[in-house]
**Q** 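Take a look at this one; I'll ask things after.
Since the model is a prediction, treat every value here as computed from it, not as a measurement. Residue numbers start at 1 and run along the sequence shown.
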Amino acid sequence: MNQNRKISSLGLCIGASTVSYVLAVKDGDEVSVSKTGYLQHEGDPKKFLEKFFAGTDVEFDSVVATGRKFRNLLKVRSISEPEAIENSIRFLGLNGNKFAVASMGAESFMVYCINQAGNIENVLTGNKCASGTGEFFLQQIGRMDLNVKEAVEISDTENPYAVSGRCSVFCKSDCTHA
C-alpha cells in the first residue's frame, strides 16, 4: 500500500436503538478522526442506513459494521465488537499502553480491558437490563406510532402522568393503561 495515500474508513455500530459512526482518515502515518456521532434509527436500521448513504459521493476505502442483531443489513465487512476494538487500537497506534474501552449500548454495558499489546485481556459486563438508557420510552413511543420529535411536541409538560419508578417492566403497565 502506498503510505502517502489518504485512506478514509467508516465504522458503523448498529445497535438496538441507534447507529453509531466514526469516520477515520489516515494520511501517511497520521490518523485523525474527522467525524463521529450517533443517530436514532427508530426501529428501522435498514431504512436509516439507506438514507444515511443516499446521495453521498464520499468514497471509503473500507466500511466495517458491527452490531450483533443488524450487522447483516449491509454488504460490507462485518466484524464482532471485540475485533473492531482491537483493530481500531492498532489502526490508531494506541498499543503500548494499558487502558479500558467502555461499550455502552441500549441493552448492555461492557468494559474491555486492553493490554499493552493492544489486545483485549478481560471483559467486565453489567447486567442485561436497559435501565436508564431511555430504550423503554422509545419502545412506548413507537407503540403509539410516534417518533421522538412528535412525542416531544405533543407532551404535556405542565401535567406529567405519574408512572412506576421501580422498573420499566412495571412502568409499561402504567403506560398501557394511561
Side-chain angles (χ1 to χ4, degrees), residues 1-139 148:
M1 176 186 296
N2 181 352
Q3 286 290 11
N4 294 326
R5 185 168 169 244
K6 202 170 193 178
I7 300 169
S8 298
S9 297
L10 177 66
L12 298 169
C13 180
I14 306 167
S17 58
T18 61
V19 175
S20 303
Y21 60 91
V22 61
L23 176 61
V25 178
K26 187 172 186 177
D27 194 356
D29 290 333
E30 188 174 318
V31 177
S32 62
V33 174
S34 65
K35 191 171 186 180
T36 63
Y38 69 94
L39 299 165
Q40 303 238 341
H41 59 62
E42 297 186 0
D44 194 347
K46 185 173 183 176
K47 181 178 175 184
F48 169 84
L49 291 169
E50 288 170 352
K51 287 171 88 175
F52 186 82
F53 288 108
T56 182
D57 58 357
V58 178
E59 291 186 24
F60 304 105
D61 287 287
S62 63
V63 176
V64 176
T66 186
R68 291 180 290 273
K69 189 173 178 183
F70 299 114
R71 68 180 180 205
N72 62 344
L73 293 176
L74 299 172
K75 292 181 181 177
V76 298
R77 183 172 174 220
S78 177
I79 60 175
S80 67
E81 184 173 272
E83 289 175 293
I85 289 170
E86 289 182 341
N87 287 334
S88 297
I89 290 166
R90 284 189 277 285
F91 183 79
L92 296 171
L94 298 175
N95 43 326
N97 300 304
K98 290 184 81 166
F99 57 94
V101 174
S103 173
M104 298 173 275
E107 297 173 2
S108 65
F109 178 85
M110 296 191 294
V111 175
Y112 295 96
C113 302
I114 311 299
N115 63 22
Q116 289 183 319
N119 298 318
I120 296 169
E121 66 181 7
N122 194 11
V123 179
L124 308 171
T125 63
N127 62 30
K128 297 297 181 189
C129 176
S131 174
T133 64
E135 177 62 22
F136 166 77
F137 289 106
L138 293 175
Q139 291 173 1
V148 174

**Q** Show the nearest heavy-atom pair for residues Y21 and Y38, with the distance to one decimal.
**A**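 Reported closest heavy-atom pair: CE2-N, 3.9 Å.
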
**Q** At their closest point, which heavy atom of N95 faces which heavy atom of I89, and how far apart are they?
**A**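 So the two residues come closest at N-CG2, 3.7 Å.
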
**Q** Take a 6.0 Å sphere around CZ of F99 and say whether it holds more than 12 heavy atoms from other residues, nucleotides or ligands.
**A**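 Yes, CZ of F99 has more than 12 neighbouring heavy atoms, counting only those of other groups under 6.0 Å.
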
**Q** Distance check, rounded to the nearest 0.5 Å: Q116 atom CD versus N97 atom CG?
**A**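 Answer rounded to 0.5 Å: 7.0 Å.
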
**Q** Looking at CD of E121 and SG of C113, how far apart are the two atoms once the value is rounded to the nearest 0.5 Å?
**A**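 SG of C113 is found 6.5 Å from CD of E121.
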
**Q** Passes side-chain contact (heavy atoms from CB on, under 4.5 Å), T36 versus V22? Steps please.
**A** CA-CA 4 Å; T36 63; V22 61; 3.5 Å; yes

**Q** Can you measure from CG (N119) to CD (E86) and round to the nearest 0.5 angstrom?
**A**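 Nearest 0.5 Å value for the CG-CD distance: 4.5 Å.
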
**Q** In sequence, state the C-alpha distance, the side-chain angles, and the governing distance for I114 and I85, and then conclude on side-chain contact (heavy atoms from CB on, under 4.5 Å).
**A** CA-CA 9 Å; I114 311 299; I85 289 170; 4.0 Å; yes

**Q** Distance from Y112 atom OH to L124 atom CG, nearest 0.5 Å?
**A**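 So the gap between those two atoms works out to 11.0 Å.
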
